[in-house]
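Accompanying notes for the structure given below.
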Amino acid sequence: ITIQDDVGNEFVFDSKNHRIEIMNADGSHVDVDKTKISLTATDEINITSKVINVKAETLNETSTTTNEKSSVVSWKVKI
């Protein structure tokens, strides 16, 4: 099922392929494809929460500049 307007906003529900996509005319895109989720935005993706937890076997980060601001920094490294 695809729902779209005349300016390029679109919802795609593909039950056969287990996929849901949301796209807007400015190029922002949310893609839920089976067991993968991709978020795309030209300018920013903002997340606001009391706690954000990330658990992964591998965490990859690529950036030109990394800015972190915190009153307390705690790293636990297992070697």
Side-chain angles (χ1 to χ4, degrees):
I1 297 171
T2 300
I3 301 169
Q4 69 184 88
D5 63 15
D6 57 349
V7 297
N9 298 305
E10 186 173 351
F11 290 88
V12 178
F13 301 94
D14 184 349
S15 296
K16 180 181 176 185
N17 293 307
H18 303 193
R19 189 172 189 178
I20 300 169
E21 289 184 272
I22 302 170
M23 296 151 278
N24 73 6
D26 296 313
S28 295
H29 184 217
V30 177
D31 186 3
V32 180
D33 187 1
K34 297 174 188 70
T35 60
K36 293 172 68 173
I37 299 173
S38 299
L39 305 173
T40 304
T42 302
D43 293 327
E44 293 184 24
I45 297 174
N46 299 297
I47 301 171
T48 302
S49 177
K50 194 171 221 174
V51 176
I52 298 174
N53 299 301
V54 177
K55 182 178 180 181
E57 288 182 20
T58 304
L59 180 62
N60 300 311
E61 177 185 329
T62 303
S63 65
T64 303
T65 303
T66 301
N67 300 307
E68 293 188 34
K69 186 161 112 177
S70 176
S71 56
V72 175
V73 176
S74 175
W75 294 94
K76 293 180 184 178
V77 179
K78 190 175 186 180
I79 300 175

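The residues of the chain are indexed from 1 along the displayed sequence.
- Summarising the geometry, atom CD belonging to E57 is positioned 12.5 Å from atom CG belonging to L59; distances are rounded to the nearest 0.5 Å.
- Between the side chain of N24 and the main chain of D26, a donor-acceptor pair closer than 3.5 Å is present.
- The local environment of NZ in K34 is crowded, with over 12 non-hydrogen atoms from other residues, nucleotides or ligands closer than 6.0 Å.
- Note on M23 and I3: separate hydrophobic clusters, where clusters join Ile, Leu, Val, Met, Phe, Trp and Tyr whose side-chain heavy atoms are under 4.5 Å apart, directly or indirectly.
- In the displayed structure, I52 atom CD1 is contacted under 6.0 Å by more than 12 heavy atoms of other residues, nucleotides or ligands.
- Minimum interatomic distance between S49 and V51 (heavy atoms only, all atoms of both residues): OG-O, 3.0 Å.
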Show which side-chain atoms of residues 6-17 pair as donor or acceptor with protein atoms under 3.5 Å away, not counting sequence neighbours.
unit_1: N9; atom_1: OD1; unit_2: A25; atom_2: N; d: 3.0
unit_1: N9; atom_1: ND2; unit_2: D5; atom_2: OD2; d: 2.8
unit_1: D14; atom_1: OD1; unit_2: K16; atom_2: N; d: 3.4
unit_1: D14; atom_1: OD1; unit_2: N17; atom_2: N; d: 3.1
unit_1: D14; atom_1: OD1; unit_2: N17; atom_2: ND2; d: 3.4
unit_1: D14; atom_1: OD2; unit_2: N17; atom_2: ND2; d: 2.9

